[in-house]
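First comes the structure, then the notes that go with it.
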Amino acid sequence: MPQLIFGRNAVLEAARAGRVVKVYQAAGLGHDPRLDELARLTQVEVVPPPRLDAMAPGVNQGVAAELKPRRDWTLRQLLDRKPSLLVALDSIMDPQNLGAILRTAEVAGADGALVPEHRSAPVSAAAVKASSGASELLPIAKVSGLPSAIVEVKRAGIWCVALDPRGELLAWDFDFTQAVCVVVGSEGSGVQRLVKERCDARVRLPVAGRVASLNASAAAAALLYEVLRQRGIPKAGS
């Protein structure tokens with residue numbers, strides 16, 4: 001069955017990436033430049049709002065899209081591209097967090113993401129919407145197990161760094177200008193023990209207030225922007 005996604009930004013980014021087969025748009029929507037661009041990019045069928053709501057329950061913003069099958073990347077294919085920045089997601093079970101992290105990863109210039117086949121939220125319509133469509137632009141490799149994947153990434157000459165509230169280094173004390181894979185864990189248990197042990201370093205973000213830590217997507221964003229800062233923030237469009 002074809003995957004259906006919804007939300008104006010998510011559908012537009014998927015269309016820009018060439019992944020949309022067909023767009024379903026609720027009748028009676030007001031003017032929006034995003035809708036104009038969608039009409040130029042792909043086939044649009046205008047449908048009654050109740051039909052769209054039945055197809056895409058939730059906050060669909062009057063737009064849904066049927067997608068072409070997602071390309072299945074292997075870790076080897078991702079590593080063959082000589083990435084300088086990867087993001088590995090360890091036990092991120094909430095699709096909103098998954099989508100938000102994938103969005104930040106794409107915005108920060110990551111070359112790809114590693115998502116476990118088990119103990120992870122799927123890249124579902126909810127995750128795609130939370131990513132504002134960035135998940136359709138970012139190569140994603142599903143791995144059978146993150147501990148073994150970390151070993152393979154390290155063999156490729158890429159440093160693996162776990163984001164850990166009890167890490168021995170502050171984030172800005174690690175050299176992120178080298179090729180690196182950032183590992184982000186769940187809010188509850190964090191990065192699992194075996195994954196942390198196989199990483200080259202564990203870095204933490206400082207906490208000045210009374211709350212113990214940031215949520216997973218906010219912590220990932222802070223760390224990825226530290227990577228971007230160290231590498232020199234590129235000018236828009238460069």
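This is a predicted model, so every value here is computed, not measured.
Under the 4.5 Å side-chain heavy-atom criterion for Ile, Leu, Val, Met, Phe, Trp and Tyr, V195 and V203 are members of distinct hydrophobic clusters. Note: the hydrophobic cluster containing L137 does not contain V87 (ILVMFWY, side chain heavy atoms under 4.5 Å, direct or indirect links). The same ILVMFWY cluster, assembled from side-chain heavy atoms under 4.5 Å apart, contains both L98 and I101. One hydrophobic cluster, built from ILVMFWY side chains closer than 4.5 Å, cannot hold both Y225 and L170; they sit in different ones. With hydrophobic clusters built from ILVMFWY side chains whose heavy atoms lie under 4.5 angstrom apart, F6 does not share a cluster with V20.
Closest of all the heavy-atom pairs between P49 and A27 is CG-O, 3.8 Å. Among all heavy-atom pairs drawn from L78 and A113, the shortest one is CD2-O, 3.9 Å. Heavy atoms only, all atoms of each residue included: G185 and I92 are closest at O-CD1, 3.3 Å. Closest heavy-atom contact between A56 and A64: CB-CB, 4.1 Å. Taking each heavy atom of A222 and L205 in turn, the nearest pair found is CB-CD1, 3.9 Å. S186 approaches S91 most closely through the heavy-atom pair CB-O, 3.0 Å.
The line from CZ of R8 to CG of L35 is 5.0 Å long, rounded to the nearest 0.5 Å. Note that CD of E13 is 14.0 Å distant from NZ of K129, once rounded to the nearest 0.5 Å. In this structure, F174 CZ and E226 CD are separated by 11.5 Å, a value rounded to the nearest 0.5 Å. Interatomic distance, L194 CG to S148 OG, rounded to the nearest 0.5 Å: 9.0 Å. Taking CG from L224 and CZ from R229, the interatomic distance works out to 13.5 Å, rounded to the nearest 0.5 Å. In this structure, CZ in R119 is found 10.5 Å from CG in L146, a value given to the nearest 0.5 Å.
Applying the 6.0 Å contact sphere to NZ of K154 captures more than 12 heavy atoms from other residues, nucleotides or ligands. Counting non-hydrogen atoms of neighbouring residues, nucleotides and ligands closer than 6.0 angstrom, the CG atom of D72 reaches no more than 12 such neighbours. More than 12 heavy-atom neighbours from other residues, nucleotides or ligands sit within 6.0 angstrom of NZ on K22.
Using a cutoff of 4.0 Å between basic side-chain nitrogens and carboxylate oxygens, D80 and R76 are scored as salt-bridged.
A donor-acceptor pair under 3.5 Å is absent between the side-chain atoms of R16 and the main chain of V11, judged by distance alone. Side-chain atoms of D111 come within 3.5 Å of backbone N or O of L85 as a donor-acceptor pair. The backbone N or O of G18 sits less than 3.5 Å from a side-chain atom of K68, completing a donor-acceptor pair. With S120 contributing its side chain and E117 its backbone, the two residues share no donor-acceptor pair below 3.5 Å.
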Mind running side chain to side chain contact (heavy atoms under 4.5 Å, CB included) on V151 and R155 for me, showing each step along the way? CA-CA 6 Å; V151 172; R155 283 200 197 105; 3.6 Å; yes

Evaluate side chain to side chain contact (heavy atoms under 4.5 Å, CB included) for E152 paired with V143, printing each intermediate quantity in order. CA-CA 11 Å; E152 191 172 345; V143 297; over 6 Å; no

Working for side chain to side chain contact (heavy atoms under 4.5 Å, CB included), residues D175 and W159: CA-CA 10 Å; D175 179 10; W159 289 78; over 6 Å; no

